[in-house]
Amino acid sequence: LAAYFAAHLPARVFLDSFSDMLGWPELLGGALKAASYGLCIALVSTAVGLRATGGARAVGNAAASSVVWSSAGIFGLDLLLTPLLLRLLG
């Protein structure tokens with residue numbers, strides 16, 4: 001819709017450009033990043049949650065802490081994986 005209203009391009013032209021820009025390397029890289037981010041979130045949340053002691057308040061603090069640490073982990077993984085995948089997948 002944005003391409004149609006902003007640039008007066010038919011939707012078909014906009015959608016066909018995706019086949020020119022996206023190929024198997026991009027899809028594989030995206031899948032690998034998504035899987036690594038999911039693993040990071042699962043591992044961090046489990047590790048932080050298992051250390052929570054002290055009742056409901058501690059569980060709430062652990063949940064907030066796991067969000068912060070997971071975000072930092074995803075940021076770090078993105079910094080590492082992006083150049084690596086660009087070299088490997090071209």
Side-chain angles (χ1 to χ4, degrees):
L1 290 174
Y4 179 75
F5 290 115
H8 305 291
L9 290 174
R12 174 59 50 200
V13 173
F14 179 72
L15 294 174
D16 285 343
S17 68
F18 283 116
S19 64
D20 296 335
M21 292 186 290
L22 293 176
W24 286 109
E26 289 82 17
L27 294 174
L28 180 61
L32 288 172
K33 278 185 166 184
S36 66
Y37 297 162
L39 183 64
C40 174
I41 292 169
L43 292 175
V44 168
S45 298
T46 301
V48 171
L50 287 175
R51 283 191 233 142
T53 57
R57 183 172 298 230
V59 171
N61 289 337
S65 179
S66 70
V67 169
V68 172
W69 283 108
S70 293
S71 298
I74 289 171
F75 184 75
L77 280 172
D78 192 45
L79 286 174
L80 294 173
L81 288 176
T82 298
L84 177 68
L85 290 173
L86 282 173
R87 275 195 207 110
L88 292 176
L89 301 176

Please output the side-chain donor-acceptor pairs of residues 43-55 that fall under 3.5 Å, not counting sequence neighbours, one pair per line with the distance.
| residue | atom | partner | partner atom | Å |
| --- | --- | --- | --- | --- |
| Ser45 | OG | Ile41 | O | 2.8 |
| Thr46 | OG1 | Ala42 | O | 2.7 |

Could you pull out all donor-acceptor pairs under 3.5 Å where a side-chain atom in residues 77-85 meets a protein atom, sequence neighbours excluded?
| residue | atom | partner | partner atom | Å |
| --- | --- | --- | --- | --- |
| Asp78 | OD1 | Lys33 | NZ | 3.0 |
| Asp78 | OD1 | Tyr37 | OH | 3.0 |
| Asp78 | OD1 | Thr82 | OG1 | 3.1 |
| Thr82 | OG1 | Lys33 | NZ | 2.8 |
| Thr82 | OG1 | Asp78 | O | 2.9 |

Compile the donor-acceptor pairs under 3.5 Å between side chains in residues 6-17 and protein atoms, sequence neighbours left out, one pair per line.
| residue | atom | partner | partner atom | Å |
| --- | --- | --- | --- | --- |
| Arg12 | NH1 | Asp16 | OD1 | 3.4 |
| Ser17 | OG | Phe14 | O | 2.5 |

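Contacts classified as salt bridge (Lys or Arg N to Asp or Glu O under 4.0 Å) and involving residues 34-46 (residues at least two apart or in different chains) are not found. Every pair tested for salt bridge (Lys or Arg N to Asp or Glu O under 4.0 Å) that includes a residue from residues 60-71 fails, sequence neighbours excluded, so the list is empty. Within the structure, no pair that satisfies the salt bridge (Lys or Arg N to Asp or Glu O under 4.0 Å) test touches residues 80-90, not counting sequence neighbours.
Looking at Ser71, its side chain does come within 3.5 Å of a backbone N or O of Val67 through a donor-acceptor pair.
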